[in-house]
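So the structure is just underneath, and the comments pick up after that.
Quick note: numbers below take in every heavy atom, side chains included, and nothing from hydrogens, waters or symmetry partners.
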Amino acid sequence: MDRSAAKVRIDELKSILWENSRRYYVDNAPAISDFEYDRLMRELEELEQSFPEFLTPDSPTQRVGSDIDAPVSGNAESASRDNFVKRPHKYPMLSLGNTYSIAEIEEFAARADKTLGTEFSYCCELKFDGTAICLTYRDGKLVQALTRGDGVNGDDVTENVRHISNIPSTLHGDFPAEFEIRGEILMPYEAFDKLNREREDNEEAPFANPRNAASGSLKLTDPEEVSHRGLMCTLYHIPAQSISFDTHSQALDAAASWGLPVSDKRRLCHGIEEIRQYIDYWDGARKELPFATDGIVIKINELTSQRSLGYTAKSPRWAVAYKFKAEQALTPILSVSYQVGRTGAVTPVANLAPVQLSGTVVRRATLVNEDQMRMLDIHIGDWVYVEKGGEIIPKITSVEPSKRSAGALPEPFPTVCPDCGTPLVRAEDEAKAFCPNQDGCPMQIKGRIIHFMSRKAMNILAGDATVEQLYNLDMVKTAADLYDLGKSRLMMLEGWKERSAERFLSSLDASRQVPFERVLYALGIRYVGESTAREIARHFGDVDSIAAASVEDLLQVKDVGEVIARSVYDYFIDVRHSIEIQRLRAHGLKFSIENDAQPSSDVLKGKTIVISGNFSVSRDDLKQIIERNGGKNSGSVSGSTSFLLAGTKPGPEKLRKCESLGIPVLSEDEFRDRYKLLPEVVGNTEEPSLFAL
């Protein structure tokens with residue numbers, strides 16, 4: 001390559017890498033795989049070595065990716081963030097050099113051996129797929145938590161980190177007067193699945209993998225909401241400048257003795273063969289872990305050797321990351337179908353020839369939206385590479401152009417609704433196209449009814465097939481129609497038995513006691529999720545005040561921005577929605593928070609309670625009982641916790657933290673006997689499963 005061509009390619013690579021760095025760190029919506037990103041970075045490094053005159057300080061090879069850029073307006077999760085205070089790192093917080101090759105690990109070891117000229121060992125650890133964090137403890141108290149940021153400055157997320165259950169606010173043992181410790185904030189698979197189900201229920205784009213979900217959750221403006229995201233932390237590095245241990249592994253052992261969450265999966269290795277064995281073992285065993293890992297980190301263990309080797313502009317010379325390649329499969333697209341959600345959002349889904357991937361058979365993969373289809377350049381009949389984002393969600397990463405048929409045409413995105421034929425609309429700031437026929441599009445109508453009946457909304461015992469049947473028979477076209485149904489009418493329908501009809505009608509009757517904030521959520525207002533509905537309900541108090549509110553009034557609600565405020569305003573000025581609300585009100589549903597908010601007693605006044613585990617009543621009901629009797633719910637154990645209310649299978653980290661802080665743990669029976677707030681348990685207390693015809 002001549003000098004001129006090299007300059008063009010270097011500039012192109014810089015642009016691509018910085019754009020994808022922003023997508024990864026800021027938007028939490030990566031557009032290319034880690035492997036492809038690392039390949040492009042390696043190409044840039046080699047070009048800059050061959051043409052050093054084009055190496056500049058702002059090159060991606062010289063700076064770590066930054067998570068402190070301004071959020072992008074179209075990203076709902078990013079758009080809900082405040083600008084966090086930026087604070088400097090005491091020591092630069094750099095990234096690791098990556099490799100996918102054992103041969104390059106051998107080169108890393110050979111360079112260290114040549115430079116040091118002394119014997120040394122390696123500490124091998126799992127590379128956790130989360131978002132980096134730096135914690136500062138002073139006199140045993142957590143005083144600061146910073147994100148990596150740009151490596152020099154990070155966002156101060158201390159209050160949010162205090163709501164991550166396994167990060168201690170107070171240490172015990174013989175700890176230094178002040179020190180930093182670094183690690184990763186993770187979202188376990190179980191919490192990731194739960195969050196994505198909630199986002200899909202609200203027709204928000206699901207996170208591609210747990211890393212993106214953890215990063216987005218850490219930057220939420222409401223610390224209490226952070227506690228509901230199920231985040232955890234694993235710590236793996238104390239900067240050598242701030243401690244007096246001889247080895248890295250000794251420092252981590254000490255940190256664990258102080259009560260800090262340090263991984264127990266690390267291993268001390270002597271030589272390449274032991275490193276290879278560690279890599280080979282975890283390449284398979286990691287799939288059994290409850291959280292995502294994407295490689296192995298190999299560190300020189302002796303701290304004097306680390307200090308001798310030092311750092312490059314963006315990476316330590318004493319550590320390297322070996323990354324596992326994501327498992328991929330090549331399979332043809334049989335067709336593309338288009339789903340219409342309850343708010344009218346149209347989502348393309350690729351129907352694939354069945355293919356085995358990470359232990360499961362994959363038949364479908366979302367294409368997200370029209371822009372994603374165009375970026376991938378999807379043509380009819382294409383063969384595509386599929387991998388699992390975070391080894392969970394099937395994701396199409398690229399097309400295999402060599403298998404494309406001559407004359408193949410691009411897959412056309414529909415211009416009309418695939419269900420009702422209404423022309424689609426797409427706002428300039430929207431990533432998705434929408435069907436505007438809210439009250440005439442069957443898929444939207446059925447989707448809203450299903451959402452209305454869902455467990456976190458009205459908790460009406462019926463499945464999707466029941467809604468399909470009632471809709472097709474013209475018996476239910478809106479949520480209010482559900483309350484007009486009677487037992488005799490239901491018993492005339494195919495598949496209905498007396499018991500199923502009674503259970504369905506009993507759950508309808510019970511839904512009249514659902515508090516206003518959940519009724520507001522059940523209405524299915526676009527962009528209004530569970531927590532937003534709660535904030536709006538508590539701010540205004542009743543539905544009439546919300547209906548009378550201007551956009552400016554709505555903007556005064558915590559965590560409500562322009563997009564949500566406009567959506568709520570537009571919903572309530574629609575006369576059809578006013579009529580529906582009046583019908584629901586006539587059926588006895590709660591449209592005021594006043595009655596719900598009246599405390600039943602002050603028996604729990606001044607008590608902060610953390611609940612964990614499974615109970616004879618739902619966790620939502622339990623939280624309401626606590627609040628109505630003067631108590632405060634908290635998602636994490638801290639020094640201010642009065643007691644942990646533990647059901648069956650409580651979180652082990654919460655129990656350990658209670659033990660370390662001397663916080664009482666009450667069982668459900670002990671809570672019932674002491675405060676007389678729960679009904680006596682009679683017979684089988686398991687929540688009945690939903691029935692579907």
Side-chain angles (χ1 to χ4, degrees), residues 17 34 37-39 41-50 52 55-66 89-128 132 134 148-152 180-184 235-252 266-272 274-276 278-279 294-323:
L17 287 165
D34 288 358
Y37 182 88
D38 291 336
R39 186 189 67 77
M41 182 69 78
R42 182 66 59 87
E43 182 185 352
L44 179 59
E45 288 172 346
E46 291 172 352
L47 283 172
E48 288 176 340
Q49 289 172 5
S50 300
L55 175 61
T56 58
D58 65 347
S59 172
T61 64
Q62 304 301 303
R63 295 169 55 190
V64 301
S66 175
H89 289 293
K90 187 174 182 179
Y91 311 106
M93 197 167 178
L94 306 180
S95 59
L96 289 175
N98 292 327
T99 179
Y100 295 82
S101 164
I102 290 291
E104 292 186 358
I105 300 295
E106 293 174 346
E107 292 172 7
F108 160 78
R111 285 194 301 271
D113 188 51
K114 181 178 180 180
T115 302
L116 296 171
T118 60
E119 289 189 6
F120 56 87
S121 58
Y122 303 92
C123 186
C124 292
E125 307 166 5
L126 294 175
K127 186 176 184 299
F128 303 99
C134 178
R148 185 195 304 276
D150 60 6
V152 177
E180 282 188 3
I181 187 165
R182 295 170 175 181
E184 209 86 358
L235 300 169
Y236 49 64
H237 176 61
I238 303 178
Q241 303 95 315
S242 63
I243 52 175
S244 57
F245 296 100
D246 292 330
T247 67
H248 171 72
S249 58
Q250 287 175 359
L252 293 186
R266 66 186 187 278
R267 175 182 170 188
L268 203 60
C269 294
H270 300 83
I272 289 297
E274 290 185 10
I275 293 174
R276 188 194 304 273
Y278 185 85
I279 289 172
D294 61 352
I296 300 297
V297 178
I298 300 102
K299 301 175 181 175
I300 305 295
N301 191 40
E302 288 71 22
L303 298 188
T304 53
S305 296
Q306 288 188 11
R307 296 185 184 101
S308 296
L309 290 169
Y311 300 83
T312 68
K314 60 180 289 188
S315 305
R317 291 192 177 93
W318 44 264
V320 68
Y322 175 89
K323 297 189 73 172

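Counting heavy atoms from C-beta outward, His237 and Lys299 have side chains that approach closer than 4.5 Å. Side-chain contact between Glu106 and Arg276 is present, with at least one heavy-atom pair separated by less than 4.5 Å. Contact annotation: the side chain of Tyr278 approaches that of Leu126 to within less than 4.5 Å [non-hydrogen atoms, C-beta and beyond]. At least one side-chain heavy atom of Ile102 sits less than 4.5 Å from a side-chain heavy atom of Ile279. At least one side-chain heavy atom of Leu96 sits less than 4.5 Å from a side-chain heavy atom of Pro316. In this structure, Gln62 and Leu55 have side chains that are in contact, with non-hydrogen atoms separated by less than 4.5 Å.
Note that OG of Ser121 is 12.5 Å distant from CZ of Arg267, once rounded to the nearest 0.5 Å. The CD1 atom of Ile275 lies 6.0 Å from the SG atom of Cys269; values are rounded to the nearest 0.5 Å. Atom CG of Leu309 sits about 7.5 Å away from atom CZ of Phe120, to the nearest 0.5 Å. Note that CD of Glu48 is 6.5 Å distant from OG1 of Thr56, once rounded to the nearest 0.5 Å. Taking CZ of Arg317 as the reference point, atom CD of Gln306 lies at 13.5 Å (rounded to 0.5 Å). Rounded to the nearest 0.5 Å, atoms OH (Tyr122) and CD1 (Ile296) are 15.5 Å apart.
Taking both residues in full, the closest heavy atoms of Arg182 and Cys134 are given as NE-SG, 3.5 Å, listed atom of the first, atom of the second, then distance. Pairing each heavy atom of Ala251 with each of Ile238, the nearest pair is O-CD1, 3.9 Å. What you find for Leu44 and Pro60 is that their closest heavy atoms are CD2-CD, 3.9 Å. Residue Gly151 comes nearest to His89 through the heavy atom pair O-CD2, 3.6 Å, listed as atom of the first residue, atom of the second, then distance. Scanning both residues, Asn98 and Lys127, for their nearest heavy atoms gives OD1-CE, 4.3 Å. Here the shortest heavy-atom pairing between Gln250 and Asp246 reads OE1-N, 3.2 Å.
With Thr61 as the fixed residue, the side-chain contact (heavy atoms from CB on, under 4.5 Å) test singles out one of Gln49, Glu45, Glu46: Glu45. Residue Trp318 is tested with Leu303, Ile300, Ile298 for a side-chain contact (heavy atoms from CB on, under 4.5 Å); the sole match is Ile300.
Residues Glu184 and Tyr236 have side chains that bring a donor and an acceptor to within less than 3.5 angstrom of each other.
Scored by the side chain to side chain contact (heavy atoms under 4.5 Å, CB included) test, Arg266 finds Cys123, Glu125, Leu252, Asp253, Val262 as partners (sequence neighbours excluded). Residues passing the side chain to side chain contact (heavy atoms under 4.5 Å, CB included) test with Thr118 are Leu116, sequence neighbours excluded.
A salt bridge is defined here as a Lys NZ or Arg NE, NH1 or NH2 lying under 4.0 Å from an Asp or Glu carboxylate O, and Arg307 with Glu302 fails to meet this definition.
A distance-only check finds a donor-acceptor pair linking the side chain of Asn301 to the backbone of Ser249 [under 3.5 Å].
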